[in-house]
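Right, one structure below, let's go through it.
Values in this document were obtained by computation on a predicted structure and should not be read as measured data. Numbered from 1 within each chain, the chains take letters A, B, ... in sequence-line order.
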Amino acid sequence: MNRYDYKEIEAKWQKTWEERGAFHASEDHTKEKFYALVEFPYPSGAGLHVGHPRSYTALDIVARKKRMQGYNVLYPMGWDAFGLPTENFAIKNHIHPAVVTERNIARFKSQLQALGLSFDWSREISTTDPRYYKWTQWIFLQLYKKGLAYKKEMAVNWCTSCKCVLANEEVVQGVCERCGAEVVRKTKSQWMLKITEYAQRLIDDLDQVDYIERVKTQQKNWIGRSTGAEVDFTTSEGDKLTVYTTRPDTLFGATYMVISPEHPAIEAWADKLRNMEAVLAYREEAARKSDFERTELNKEKTGVRLDGVCAINPVNDTEIPIFVSDYVLMSYGTGAIMAVPAHDERDWEFAKVFDLPIIEVVKGGNVQEAAFTNVETGEMVNSGFLNGLSVAEAKKKIVEFLTEKGVGHQKVNYKLRDWVFSRQRYWGEPIPLVYCEKCGWTPLPEDQLPLTLPEVESYEPTETGESPLAKMTDWVQTVCPHCGAPARRETDTMPQWAGSSWYFLRYMDPHNDKELVSREALEYWSPVDWYNGGMEHTTLHLLYSRFWHKFLYDIGVAPTPEPYAKRTSHGMILGENGEKMSKSRGNVVNPDEIIDTYGADTMRLYEMFIGDFEKAAPWSSTSIKGCRRFLERVWNLFDHVQPGEAYTAQHEILLHRTIQKVGEDIEALKHNTAIAALMSLVNAFYEKGVNRAEYKTLLLLLNPFAPHITEELWALLGETGEILSLQPWPQYEESKTVESTVEIGVQVNGKLRSTIRLPLDCEQQQAVDTALADEKVQNAIAGKQVVKTIVVRNKIVNLVVK
RNA sequence: GCAGAUGUGGCGGAAUGGCAGACGCGCUAGCUUCAGGUGCUAGUGUUCGCAAGGACGUGGGGGUUCAAGUCCCCCCAUCUGCACCA
């Protein structure tokens with residue numbers, strides 16, 4: 001037997017698989033399908049990170065096993081290639097982003113291929129390919145036509161360095177998620193997508209899918225549904241000021257009101273406000289603050305009382321003052337609140353600063369000391385007809401009262417906001433709309449798609465924050481598709497999330513130039529059976545793509561309401577020091593070097609063996625050697641293989657058990673324990689010998705984890721015909737996974753004292769008798785009386801003595 | 001502050017309420033070797049003991065149970081989201 005030459009072996013089999021198209025999803029739609037999906041990467045200039053293969057290998061193992069089990073498996077890969085880093089690199093180095101992208105993709109692809117991942121490369125896609133983004137633009141047009149895309153002047157997050165609008169999700173701790181520069185508020189006209197219209201369905205339909213629980217929880221929290229009431233307060237001006245509250249039960253305790261600095265009522269009352277100057281000054285100050293400052297400076301409440309206008313509490317006709325304060329956000333609810341300092345911490349703080357009355361309406365705390373917010377135990381007081389009720393009862397009754405009087409009603413609110421869809425950037429999908437003086441915004445006819453990106457001189461955004469496309473007069477100036485008059489194109493582009501919101505559909509039929517995907521392909525492959533990706537995408541990509549898919553379902557394109565039947569999430573791979581891998585920390589592990597030193601099979605095996613798949617795990621450059629050693633042992637075992645086409649009695653049970661365990665563990669994404677079981681099997685083979693049938697089973701079970709070495713050994717065994725990766729998955733028999741006798745523990749008063757061997761499923765009496773006959777047990781119970789015996793069949797005997 | 005998760009040997013980690021520490025790393029001793037490495041054999045939670053054997057052990061404190069890493073209550077620590085959302 002030669003030495004284990006992993007480099008030669010891995011190159012050879014990767015070539016063979018490619019030549020044979022071994023992993024191409026079959027067009028045979030009579031076979032049962034299995035669609036496994038991993039998040040396609042952003043092909044960054046840094047190349048592959050060791051974190052990428054953790055996800056890819058995990059589902060590769062599932063995909064390979066499913067293939068061996070006879071499923072028609074679709075396991076595709078592509079590139080989410082629009083985005084800022086590429087554009088920034090292009091600006092700096094004066095290279096076209098498309099050239100940079102192409103280069104990065106080539107590198108990523110070769111790195112992925114070196115790992116022996118069983119992707120169907122014939123279905124490779126890139127979001128930057130006009131043949132692809134034609135359909136991204138098409139979906140946008142459908143959204144526009146259904147009124148789900150609209151333009152709005154709004155305060156947006158503005159990155160001072162990227163000179164670009166960011167979605168709320170891209171702002172982290174007040175700085176830009178990508179570049180780390182400060183983010184300020186700026187008013188701009190933006191394209192928006194009405195994801196809020198789908199808020200309830202995005203919550204409800206989580207019941208239909210098999211996502212890990214924390215993903216569901218995080219999505220629900222992000223959407224942030226709350227049930228409360230809208231209440232109209234009449235003002236001294238005779239108009240209405242409407243508030244949203246989740247605590248209508250505390251209405252009798254409302255001692256003042258607060259409106260957000262941006263609230264339009266300020267303009268409406270301009271004539272009446274005796275301190276308009278102070279109010280406007282406050283508003284301006286609030287506008288200047290970035291979101292970060294506004295939340296960071298939340299220790300001390302600030303505000304200005306409106307002098308000249310007040311409001312009437314509808315339940316007791318009391319006059320109460322109105323304040324303007326930046327602790328009330330225009331973007332949530334109605335931008336105005338009723339303040340109940342006794343039962344809301346923020347209102348309490350504000351009331352303390354401005355010395356406002358605090359009226360207790362729910363008994364149970366000391367409201368002069370702190371706001372009492374417990375809704376479980378309280379009883380209503382000082383609340384007229386609500387007195388004596390519980391909080392829950394009071395809520396119901398007050399809403400009935402308000403509804404009857406016509407001054408309020410129940411209302412559901414969501415924290416989720418509409419999706420800011422414009423970017424003032426070059427490297428994104430152009431938005432296929434034209435502005436005509438006469439007709440307004442007009443969609444491009446579908447037969448003019450794709451609207452491709454023009455060549456530009458420079459990719460830098462303009463100083464005013466417009467996209468570099470704005471400088472391309474020839475491109476911008478066009479005619480109105482509707483009336484033929486001169487018109488100009490939208491120069492903003494789409495955010496990176498656009499292309500990734502539907503890419504999983506395109507894989508089903510990636511070369512179709514007539515439709516997004518053929519109906520036949522959609523019906524056969526939908527939905528994605530198993531989608532694995534990072535937790536960081538839970539509230540962004542995962543929510544956005546569910547939204548788009550629901551929309552596509554509504555317009556009759558997608559056949560299912562939900563895109564992904566199952567979602568799992570992997571933990572990060574950390575540096576050796578337990579910190580996140582990063583260049584600045586100097587703890588980055590380069591996958592190329594690992595593959596060069598140990599081989600792809602070792603790399604795959606190690607990343608799967610590293611620990612609980614869902615948890616973060618630190619890289620260990622010594623532990624990986626154990627995985628390499630294991631593969632060497634499998635390799636060297638070849639020389640010990642004895643003839644024999646059936647399992648020997650000494651290994652039969654172990655083999656059946658291992659087949660069961662490995663199969664079940666793969667389905668549960670517990671690859672670490674599956675590998676441990678295979679290691680135990682190899683240890684047993686070294687100890688007691690192995691025959692050809694047994695060795696073949698080992699190779700089959702190990703193949704999804706370490707495909708190259710197992711293919712080679714399979715070939716060396718002289719197996720002819722199909723390659724190992726297309727062999728049927730081994731079967732086990734339940735009856736052969738159990739031995740005829742079992743070793744069970746004997747406890748005395750719950751403490752283990754001995755072990756005994758008993759026939760499988762033996763009678764209780766026999767178990768007790770055997771236990772009592774045991775010498776160690778006798779010593780332990782000497783001089784005492786057995787008062788109770790507990791026998792759990794095949795597990796344990798516990799003797800309670802006194 | 002809110003939400004979620006986590007806490008087990010020197011390390012990564014295993015354990016449907018039923019023999020804690022599988023599997024691997026590391027370490028120790030021995031064999032192989034000119035030597036380094038590889039490979040092989042044995043050992044390896046702590047502690048008392050020459051040994052047989054015993055005691056103690058899953059962040060801390062209570063509880064339920066014949067039996068708790070696992071279930072319940074309280075506390076501590078760490079991580080990850082979100083953060084004035086009325």
Q. Around atom NZ of A:Lys352, are there more than 12 heavy atoms of other residues, nucleotides or ligands at under 6.0 Å?
A. yes

Q | For B:G36, the Watson-Crick or wobble counterpart (both distances under 3.5 Å) | A | none

(Q) If I take atom CD1 in residue A:Ile756 and atom C1' in nucleotide B:G18, what distance separates them, rounded to the nearest angstrom? (A) 14 Å

(Q) As a test of reading the structure: which of B:A14, B:A86, B:C19 is closest to the side chain of A:Leu752, going by heavy atoms? (A) B:C19

Q.
Please report the distance separating the P of B:C11 from the corresponding atom of B:G59, rounded so that it comes out in whole Å.
A. 13 Å

Q: Check whether any side-chain nitrogen or oxygen of A:Lys670 sits under 4.0 Å from OP1 or OP2 of B:A15, and answer yes or no.
A: yes

Q: Could you work out the separation of B:G13 and B:G18 based on their P atoms and round it to a whole Å?
A: 23 Å

Q) Using a cut-off of less than 4.0 Å, is there contact between a side-chain N or O of A:Ser226 and OP1 or OP2 of B:A86? A) yes

Q) How far apart are the C-alpha atoms of A:Asp774 and A:Lys776, what are their side-chain angles, what is the distance that settles it, and do they pass the salt bridge (charged side-chain N to carboxylate O under 4.0 Å, His left out) test? A) CA-CA 6 Å; A:Asp774 187 86; A:Lys776 289 179 192 164; over 6 Å; no

Q) Do NZ/NE/NH1/NH2 and the carboxylate oxygens of A:Asp418 and A:Lys194 come within less than 4.0 Å? A) no

Q | Pairing partner of B:G49 (Watson-Crick or G-U wobble, both distances under 3.5 Å) | A | none

Q | Residue A:Tyr327, side-chain heavy atoms: nucleotide from B:A86, B:C84, B:G4 that is nearest | A | B:C84

Q) Which part of the nucleic acid, if any, lies within reach of A:Asn413 when heavy atoms closer than 4.0 Å are counted: base, sugar-phosphate only, or nothing? A) nothing

Q) When all nucleic acid strands are considered with a 4.0 Å heavy-atom cut-off, which category describes A:Val792: base, sugar-phosphate, or nothing? A) base

Q | Check: A:Tyr256 ring centre within less than 6.0 Å of A:Phe350 ring centre | A | yes

(Q) From CG of A:Asn221 over to C1' of B:U80, roughly how many Å is that when rounded to an integer? (A) 13 Å

Q: Just call it for A:Gln747: base, sugar-phosphate, or nothing, with non-hydrogen atoms closer than 4.0 Å on any strand.
A: base

(Q) Counting only side-chain heavy atoms from C-beta out, which of B:A86, B:C66, B:C19 sits nearest to A:Asn798? (A) B:C66

Q: For B:U58, give its Watson-Crick or G-U wobble partner with both distances under 3.5 Å, or none.
A: none

Q. Mind checking the P distance from B:A22 to B:G10? Whole angstroms is fine.
A. 14 Å

Q.
Taking the cut-offs as 6.0 angstrom to the six-membered ring centre and 45 degrees off its axis, would you call A:Arg633 and A:Tyr686 a cation-pi pair?
A. yes

Q | A:Thr246, nearest nucleotide to its side chain (from B:G4, B:A86, B:C19) | A | B:A86

Q: Report the C-alpha separation of A:Arg417 and A:Glu197 in whole Å, then their side-chain angles, then the decisive distance to 0.1 Å, and conclude whether the salt bridge (charged side-chain N to carboxylate O under 4.0 Å, His left out) test is met.
A: CA-CA 10 Å; A:Arg417 298 177 201 177; A:Glu197 204 146 287; over 6 Å; no

Q. Which whole-number value in Å describes the distance from A:Arg225 CZ to B:A86 P?
A. 13 Å

Q: Tell me which nucleotide among B:A86, B:C84, B:G12 gets nearest to the side chain of A:Lys301.
A: B:C84

Q) For B:C66, which nucleotide in any strand shown is its Watson-Crick or wobble partner with both distances under 3.5 Å? A) B:G18

Q. Rounded to whole angstroms, how far apart are OH on A:Tyr256 and P on B:A86?
A. 16 Å

**Q.** Candidates B:G13, B:C66, B:G81 - which lies nearest the side chain of A:Gln218
**A.** B:G81

(Q) Return whichever of A:Pro618 or A:Asp344 has its heavy-atom-nearest nucleotide of RNA chain B closer to the 5' end. (A) A:Pro618

Q) Among residues 657-668 of chain A, which residues get a heavy atom nearer than 4.0 Å to RNA chain B? A) none

Q.
Please confirm whether the ring centroid of A:His671 lies under 6.0 Å from the ring centroid of A:Phe705.
A. yes

Q. Expressed in angstrom and rounded to an integer, what is the separation of A:Met608 atom CE from B:G13 atom P?
A. 14 Å

Q: Using the closest heavy atom to pick a nucleotide of RNA chain B for each, name whichever of A:Met572 or A:Gly745 lands nearer the 5' end.
A: A:Gly745

Q) Can you tell me the Watson-Crick or wobble partner of B:G1, both distances under 3.5 angstrom? A) B:C82

Q | Syn-anti status, with the boundary at 90° from 0, for the nucleotide B:G9 | A | syn

Q | Value in whole Å for how far the P atom of B:U8 lies from CG of A:Asp612 | A | 13 Å

Q: Take atom CD of A:Glu763 as the centre, draw a 6.0 Å sphere, and report whether it contains more than 12 heavy atoms from other residues, nucleotides or ligands.
A: no

Q | B:G45 versus B:C40 - spacing of their C1' atoms, nearest Å | A | 26 Å

**Q.** B:U64 versus B:A15 - spacing of their P atoms, nearest Å
**A.** 29 Å

Q.
Output one letter per nucleotide in nucleotides 23-30 of chain B: B when a protein non-hydrogen atom lies under 4.0 Å from the base, S when only the sugar-phosphate is that close, - when neither is.
A. BSSS----

Q.
Could you tell me the Watson-Crick or G-U partner of B:A42, where both distances fall under 3.5 Å? Say none if there is no partner.
A. B:U28

Q) Less than 6.0 Å separating the ring centroids of A:Phe685 and A:His651? A) yes

Q) Using a cut-off of 4.0 Å on non-hydrogen atoms, how would the nucleic acid contact of A:Glu536 be classed: base, sugar-phosphate, or nothing? A) nothing

Q: Tell me what A:Arg628 touches on the nucleic acid: a base, only sugar-phosphate, or nothing, going by heavy atoms under 4.0 Å.
A: nothing

Q) Is any side-chain N of the basic residue among A:Glu230 and A:Lys240 closer than 4.0 Å to the acidic one's carboxylate O? A) no

Could you go over nucleotides 70-79 of chain B and give all protein N or O partners under 3.5 Å, atom names and distances?
none

Q) How about A:Glu579: does its CD atom have over 12 heavy atoms from other parts shown lying under 6.0 Å from it? A) yes

Q.
Strictly distance-based, threshold 3.5 Å: is any side-chain N or O of A:Ser582 a donor or acceptor partner for the main-chain N or O of A:Arg585?
A. yes

Q | Rounded distance (Å) that lies between atom P of B:A67 and atom CD1 of A:Ile796 | A | 12 Å

(Q) Among B:A86, B:G13, B:G18, which nucleotide has an atom closest to any side-chain atom of A:Ile790? (A) B:G18

**Q.** Side-chain donor or acceptor of A:Ser325 paired with backbone N/O of A:Thr302 under 3.5 Å
**A.** yes

Q. Roughly, in whole Å, what's the span from CG in A:Leu669 to C1' in B:A14?
A. 17 Å

Q: Taking only Lys NZ, Arg NE, NH1 and NH2, and the carboxylate oxygens of Asp or Glu, determine whether A:Glu607 and A:Arg54 approach each other closer than 4.0 Å.
A: no

Q) For A:Val801, does its backbone N or O pair with a side-chain atom of A:Asn749 as donor and acceptor, under 3.5 Å? A) yes

